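Quantities reported herein were computed from a predicted structural model and do not represent experimental measurements. Below, chains carry the letters A, B, ... as their sequence lines are ordered, and counting in each starts from 1.
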Number of protein chains: 2
Amino acid sequence: MQENISVSGVLCSSYDSFFEAEKKIADFILSNKSDIIDMTVAELALASGTSDATVSRFCRRCGFNGFHHLKINLAKEVAEERGNSIEVSNDISRDNIGQSLQNILANKVAELTQTISMMEPKELDQILTMIEKARTVQLVAVGNTIPVALDGAFKFNQLGIATVSGTIWETQMAYTCNMGPEDAVIIISNSGFSKRLMTLVAVAKENHVPTIAITNNPSSPLGQACDLHITTATREKLLLGEFCFSRVSATTVMEILYLFLSVSKKNSHDHIRRHEIAISDDKK
Amino acid sequence: MQENISVSGVLCSSYDSFFEAEKKIADFILSNKSDIIDMTVAELALASGTSDATVSRFCRRCGFNGFHHLKINLAKEVAEERGNSIEVSNDISRDNIGQSLQNILANKVAELTQTISMMEPKELDQILTMIEKARTVQLVAVGNTIPVALDGAFKFNQLGIATVSGTIWETQMAYTCNMGPEDAVIIISNSGFSKRLMTLVAVAKENHVPTIAITNNPSSPLGQACDLHITTATREKLLLGEFCFSRVSATTVMEILYLFLSVSKKNSHDHIRRHEIAISDDKK
DNA sequence: TCTAATTCATGTAATTTTATTTCATCATTA
DNA sequence: TAATGATGAAATAAAATTACATGAATTAGA
């Protein structure tokens, strides 16, 4: 039996050899492709003005195993058509939510692709090593990237990497003052222009703490000041035509670090499990 | 009934809430996607070492109409993936960082695609309206989703939607007690099984506050308890073979809400600009 | 701490639904 | 008028779902 048969293809090419009742069926299928997918033989027979037997025979005559097989192939076909029509548009409106969601998806995918393509395997490796060797890792951020830092701290601690983070800048700064060369600090900033974060980096440098920057802009003051750097992509500007950043890229960077660290850290799975158990009393 | 459900998405997201026999089925499906398409219930039951009844029940519990419906969706999914020619591999290692990054990318893209494909335009519209109409929006979370809630609160406030969130559960609870029907509360949870969040939802319901849940699992207690629901996909299980959630999907959901709200909210661009200016004294 | 009770996941078997095949009928053509 | 064969009704077969029973696990009570 042939595995993948194009339903439209077969119906069109064999159309002339069909009997009257079969043509009715073919017509209905061709013009209601996606509806057929959740119809039964009886329903299709009724809808096309034919009978169960004719529909069933028709499917076999067209080279399918049966009605079920035709439906599966039709589903594949519809999905494939949809899959190929990736059109990156920047329109978002409440009037066409379905299409808008597809547009957002395309943009987010582009964002992730760009972020990952900008990563230097060599530099990433250095960053991972730096994090693994560190006695304590500090994740710092201000404003709208604070949630990303908190998320990262949560993940790292889950892997057994002692990590601190916080919502108050002064507290973060105070902590940095106590760090040394055996630690590491990761600074997350969209633009890379934050004055306060620059001050913090200056303190870190004084104490010879290794520094890693995660920003949109490698040539920004923060990007330049830190020892190592990861660049995040954002396309929010395209979507809104305005000045405003996405956090998906930064969150993804944190997840990438997490995934790599989890495979290289010995016993990390034990740590995750222990952590899950420790917080699981909230469940059930 | 929901039309397009991502099979991998649902299976991964709800995996932890599956029973033993169901996990066997899910495992078999995830690792033999394309073979399932021409299998019967009995064959799958045999192959996965379970029974017909369990397979059938499993399909319904996952949100499908039945086994047939799951197969159709699986066929679509396989076809779509082939259409996009995405080859999803799950290997991550420090030895080949470049390839590992590509694998992570493929998985993250699949995660986003699934999350977005599971969104019902109609329900999303209701959610947006609910948020827009609300006097105050509360974003609540516990544990590792707190950063997502904080991020969302940041974004909403930027649009001129008064939003509260916090890191302390007791404080969040205290706030909920003061809310009413003219407000809205959004609950973010991975599994949807948090006891504390269920308590909070109960209070919200008592006060007739409209509730929206964002979880991996629409059939979880939280998913069921709330008025409206958004399902997030996670594939971390595939990457790590372990029990652990990704935050990229949840973050993306917040960004989607943000993008839609920003186009429909009048003057939202003014708000964003004003906010940017207000915090810009930190820059330069 | 042990036992009884209960809950609930799971498989077996019955039922229902769905698809296919057989067979009778009617139309068309030679 | 006979024969061929397309078609549909009905019977059969296949497949999926549901009802029910069983047994494991967990909880409550002693």
Do [X] and [Y] have side-chain N/O donor and acceptor atoms under 3.5 Å apart?
| X | Y | answer |
| --- | --- | --- |
| T252(B) | S249(B) | no |
| Q99(B) | N103(B) | yes |
| E111(B) | N107(B) | no |
| S194(B) | S189(B) | no |

Length of the line joining [X]:[atom1] and [N]:[atom2], which is rounded to integer Å:
| X | N | atom1 | atom2 | value |
| --- | --- | --- | --- | --- |
| E22(B) | dG11(C) | CD | P | 10 Å |
| N65(A) | dT18(C) | CG | P | 20 Å |
| F19(A) | dT29(C) | CZ | P | 14 Å |
| E43(A) | dT18(C) | CD | C1' | 10 Å |
| L44(B) | dG11(C) | CG | P | 12 Å |
| H68(B) | dT17(C) | NE2 | C1' | 12 Å |
| D38(B) | dA19(C) | CG | P | 16 Å |
| I25(B) | dT17(D) | CD1 | P | 12 Å |

Test item: F28(A) and M39(A) side chains (from C-beta on) under 4.5 Å apart, heavy atoms: yes
Is any side-chain heavy atom of F154(A) less than 4.5 Å from a side-chain heavy atom of T163(A)? no
Report, one pair per line, the protein and nucleotides 21-28 of chain D atoms (nitrogen or oxygen only) whose separation is under 3.5 Å.
none

Test: side chain to side chain donor-acceptor pair (under 3.5 Å). Region: residues 170-185 of chain B. Which pairs qualify, not counting sequence neighbours? R135(B)-E182(B), R135(B)-D183(B), Q138(B)-T176(B)
What does R60(A) touch in the nucleic acid at a heavy-atom separation under 4.0 angstrom: a base, only the sugar-phosphate, or nothing? sugar-phosphate
Ignoring the backbone of A21(A), work out which of dG8(D), dT18(C), dG11(C) is nearest its side chain. dG8(D)
Check against salt bridge (Lys or Arg N to Asp or Glu O under 4.0 Å), K155(A) and D151(A): CA-CA 6 Å; K155(A) 286 188 165 75; D151(A) 183 42; 2.9 Å; yes
Verdict with supporting geometry, F18(A) and F58(A), ring pair (Phe, Tyr, Trp, His ring centres under 6.0 Å): CA-CA 9 Å; F18(A) 292 159; F58(A) 174 78; 5.1 Å; yes
What residues from residues 46-56 of chain A pass a heavy-atom cutoff of under 4.0 Å to DNA chain C? D52(A), A53(A), S56(A)
